[in-house]
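Below, all heavy atoms of this structure are taken into account, side chains as well, without hydrogens, waters or symmetry copies. Reminder, nothing fancy here: chain letters follow the sequence lines and each chain counts from 1.
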Amino acid sequence: MADTDAKASNFIRNIIDADLAANKFAQRRWSGQPGPATSLKVSHGGTPSEIDTAKIRTRFPPEPNGYLHYGHAKSICLNFGLALDYAGACHLRFDDTNPEKEEQEYVDSIVDAVKWLGFDWGPNLYYASNYFDWMYEFAEYLIQSGNAYVDSQSADEMRASRGTLTEGGKASPYRSRSAAESLALFRRMKAGEFADGAHVLRAKIDMASGNINLRDPAIYRIKRATHHNTGDKWCLYPMYTYAHPIEDALENITHSICTLEFEDQRPFYDWLLDKLAEGGLLQRPLPQQIEFARLNLSYVVLSKRKLIQLVEEKRVDGWDDPRMPTLVGARRRGFTPEGFRRFAEMIGVAKADAWIDMSVLEGCMRDHMNETAERRIAVLDPVKLVIENYPEEDEELCEAPNHPQKPELGKRPIPFSKELWIEREDFAETPPKGYFRLFPGNTVRLRYGFVVKCTGCVKDDTGHITAVHCIYLPETKSGTPGADSVKVKGNIHWVSAKHAYAAEVRLYDRLFKVESPGAGGRDVIDDLNPESKRVITAQLEPALKDAQAEERFQFERHGYFVADRIDSKSGTPVFNRAVTLKDSWTAK
RNA sequence: UGGGGCUUCGCCAAGCUGGUUAAGGCACCGGAUUUUGAUUCCGGCAUACCCAGGUUCGAAUCCUGGAGCCCCAGCCA
């Protein structure tokens, strides 16, 4: 994955370049562990802290409350990619400050997903919840320095006095409470003396600010819930707004990259860290928050609420359904990590709201698998082809290259006999204009086999074609001197009927049939593509019987398929279609 | 005049410390190769940068005014 080509410029790289040119981070120290400035004077081992050797530090900070999706892939590639390019480090950090929503199951799946995408956080796997003690101490400092107070209004009262988008808010009657009184109350909150919601700790900033986030945001709330990591140690938990900047600072993050909706939060981010640095609690330079536009993909929904709906209403087969835009789903679908990385590179990073067409992602997957997937033959909609002049009991081997552009991947034998399966759509009794496959009187090559001439077809009482007939030209076998003695335009694939492996194949297509599912107030359910999943029994070349779970192939003239990692059994793989081949014929 | 942000080819996106023929990718359209109607290759593809004024020898880049779109009133993240 060593990318030597210059990366496309973007505004974040420009910021980093400027920071590095100014030597902004040269004196940062890092003891090897996250911690406040006070812990940096000497490291935990008792020796002086070292200069941070990571040129930059970024982080991917998911909340473990759901499965990662395509949108996260963009952020992961961005953060880890930047760290790689700049000889920095990227931390995987669980932003687990709300125990009511978070579960171990999700942290496990997130770890798997990031690994699967090909990234490595080394020793830098962290949990916000491990910083709760420091966050608490910092909060006491804020109270003592007059920058925070305990508010005893109800949630409703707080909302009412916060004002509106166009009018400032009014101060809480508790805003003028003395630091000593707030501190005492805060300690009692920690000790569990109050019911949930009875009090809240608020930063004291500016109730009249045009930016609502600066109107004394709540930073700690009482919440009795068992935390997946800290258990029942705490009954009050920090809010994201307060916790996130501190997490970044404790971890020496240089560039804290997040999505646009947090832009209004940045003034608070800076305010908080500045106050704490003033108090000697954090080292400077402080991390800086940088916002970029999140991924919007056509034909896809990425909102957690809607994804949950799909799963709960059983519109899909779970979170890892190959049609789901989750990373676990993508993996089962046969999408590749390289494809995602290519996609992230291709769409770039900017601040303008952009809609990327799903076909771009599909194209990236196609590109990558075109380079890497071995070719195999599969007949998805089989109809018999009977070779009239081929002896009944005979059979012979033909040879097929595993990759047309990579001879080093070798060849494999495929058996040939009198009765073959071919694709129903490769025969036409009356061919449309421009059609150059099988039709009465026409010759085509059976790919890697012989040239055959179509003699007609057989139908049942209802007019349904049950078999196609042809004669073969024995001297035209692929790889023999006479192979090219007969020129043909058409080239179709086939599988020997008596040697074929009949397998379950799932043909997946886009989950939604419209560009913006759920737009205009519609229920996303109404926009579901009824043909997003078709399960068929296909006739595959015998070699495919040995496919290993998660092995990917190009089924020639069809697309890219993967042996399902869950349902494949040894000797009986089941295949999922990841994406079709580009088709400029049926597109017409 | 609540606050913040965005607007460059069909889709992304460089460029924005003023002077380039306005990068690059994807898509698309030609043509060549091809035992995948795939791939690959070669060629084409913005006198134009949301609009209107202004400054300047010169503006996508600076100034003024305007338009459109997105985000914010959780004790969610």
Side-chain angles (χ1 to χ4, degrees), chain A residues 6 8-11 14 61-63 65 95-98 100-102 151 153-156 158-160 162-169 196-202 208-215 217-223 236-237 239-241 243-244 258-267 291 293 298 304 345-357 359-360 363-364 366-367 370-371 375 377 400-401 403-405 434-437 444-449 451 478-479 483-484 488-493 554-559 580-588:
Chain A
S9 169
N10 64 52
F11 78 103
N14 293 345
E63 181 187 15
N65 72 342
D95 205 350
D96 51 355
T97 56
N98 186 353
E100 285 171 347
K101 298 186 172 178
E102 297 148 8
D151 194 351
Q153 293 184 108
S154 68
D156 284 345
M158 262 183 66
R159 180 165 42 251
R162 186 157 27 233
T164 67
L165 291 179
T166 53
E167 303 156 36
D196 289 13
H199 305 280
V200 72
L201 185 69
R202 287 231 251 175
S209 174
N211 181 349
I212 288 182
N213 299 292
L214 261 23
R215 315 230 269 238
I219 58 180
Y220 260 99
R221 77 289 213 187
I222 303 172
K223 193 187 281 276
L236 80 174
Y237 292 92
M239 303 276 294
Y240 163 86
T241 317
H244 205 92
C258 62
T259 45
L260 251 25
E261 69 269 28
F262 294 103
E263 216 151 13
D264 292 344
Q265 210 82 240
R266 193 170 68 227
E291 310 85 9
S298 65
K304 197 166 287 177
E345 203 63 49
M346 188 178 281
I347 62 176
V349 184
K351 299 192 73 161
D353 292 296
W355 278 87
I356 310 294
D357 197 90
S359 63
V360 175
C364 289
R366 215 158 16 216
D367 280 355
N370 174 50
E371 291 163 13
R375 315 282 119 127
I377 309 296
H403 191 115
Q405 280 82 39
Y435 188 87
F436 52 66
R437 280 115 96 165
V444 302
R445 172 169 293 280
L446 294 175
R447 196 164 166 72
Y448 310 130
V451 171
S478 291
D484 295 324
V488 293
K489 186 122 197 269
N491 204 304
I492 67 172
H493 62 274
Q554 181 197 94
F555 287 179
E556 293 198 22
R557 302 211 299 139
H558 283 304
T580 62
L581 244 34
K582 195 158 100 184
D583 180 1
S584 56
W585 164 247
T586 55
K588 285 182 185 175

Under 4.0 Å between any heavy atoms, over every strand shown, what does A:G197 touch: base, sugar-phosphate, or nothing? Just pick one.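 Base: the residue A:G197, judged by heavy atoms under 4.0 Å, touches a nucleobase.
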For residues A:N370 and A:R375, report the shortest heavy-atom separation together with the two atoms involved.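 For A:N370 versus A:R375, the nearest heavy atoms are O-NH2, 2.6 Å.
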Which heavy atom of A:T164 sits nearest to which heavy atom of A:I212, and what is that distance?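 Smallest heavy-atom distance, with atoms named: O-CD1, 4.1 Å.
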Consecutive-pair stems (3 or more, Watson-Crick or G-U, under 3.5 Å) for RNA chain B: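 Consecutive-pair runs (3 or more) involving RNA chain B: B:2-7 with B:67-72, B:10-12 with B:24-26, B:28-32 with B:40-44, B:50-54 with B:62-66.
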I'd like the [atom1] distance from [M] over to [N], given in whole Å.
N: B:C28; M: B:C71; atom1: P; answer: 31 Å
N: B:A46; M: B:G3; atom1: P; answer: 41 Å
N: B:A27; M: B:C9; atom1: C1'; answer: 11 Å
N: B:U20; M: B:C11; atom1: P; answer: 27 Å
N: B:G24; M: B:C45; atom1: P; answer: 11 Å
N: B:G25; M: B:G19; atom1: P; answer: 23 Å
N: B:U56; M: B:C51; atom1: P; answer: 23 Å

If only side-chain N and O atoms count, and only distance matters, is there a donor-acceptor pair under 3.5 Å linking A:D357 with A:S359?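 The answer is yes; a qualifying pair exists.
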Between A:G490 and A:E100, who's closer to the 5' end of RNA chain B by nearest nucleotide?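 The residue mapped nearer the 5' terminus is A:G490.
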If you find the nucleotide of RNA chain B closest to A:D357 and the one closest to A:F436, which residue's nucleotide is nearer the 5' end?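 Nearer the 5' end of the strand: A:D357.
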Take A:N98 and A:R221 through the test side chain to side chain contact (heavy atoms under 4.5 Å, CB included) and record every step on the way to the result. CA-CA 10 Å; A:N98 186 353; A:R221 77 289 213 187; 3.7 Å; yes
For B:G74, does the glycosidic angle fall within 90° of 0 (syn) or outside that (anti)?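 Glycosidic conformation of B:G74: syn.
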Using only modelled atom types and a 3.5 angstrom limit, is any donor from either the side chain of [X] or the base of [N] paired with an acceptor on the other?
X: A:Q554; N: B:U36; result: yes
X: A:Q405; N: B:U39; result: yes
X: A:D264; N: B:G3; result: yes

In terms of side-chain heavy atoms of [X], which of [options] is nearest?
X: A:A352; options: B:A73, B:G37, B:A13; answer: B:A13
X: A:L581; options: B:U36, B:A13, B:C75; answer: B:U36
X: A:M346; options: B:G5, B:A38, B:G25; answer: B:G25
X: A:V360; options: B:C26, B:G37, B:C75; answer: B:C26
X: A:S478; options: B:U35, B:C76, B:A38; answer: B:U35

Short side-chain N/O contact to [N] OP1/OP2 from [X], under 4.0 Å:
X: A:R221; N: B:A77; result: yes
X: A:R557; N: B:G37; result: yes
X: A:N10; N: B:G15; result: no
X: A:R375; N: B:A38; result: no
X: A:S9; N: B:G15; result: yes

Would A:K101 and A:E63 count as a salt bridge (Lys or Arg N to Asp or Glu O under 4.0 Å) if you check the C-alpha gap in whole Å, the side-chain angles of each, and the deciding distance to 0.1 Å? CA-CA 9 Å; A:K101 298 186 172 178; A:E63 181 187 15; 6.0 Å; no
Looking at B:A77 and A:Y240: do their rings stack (centroid distance under 5.5 Å, interplanar angle under 30°)?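 Stack criterion not met.
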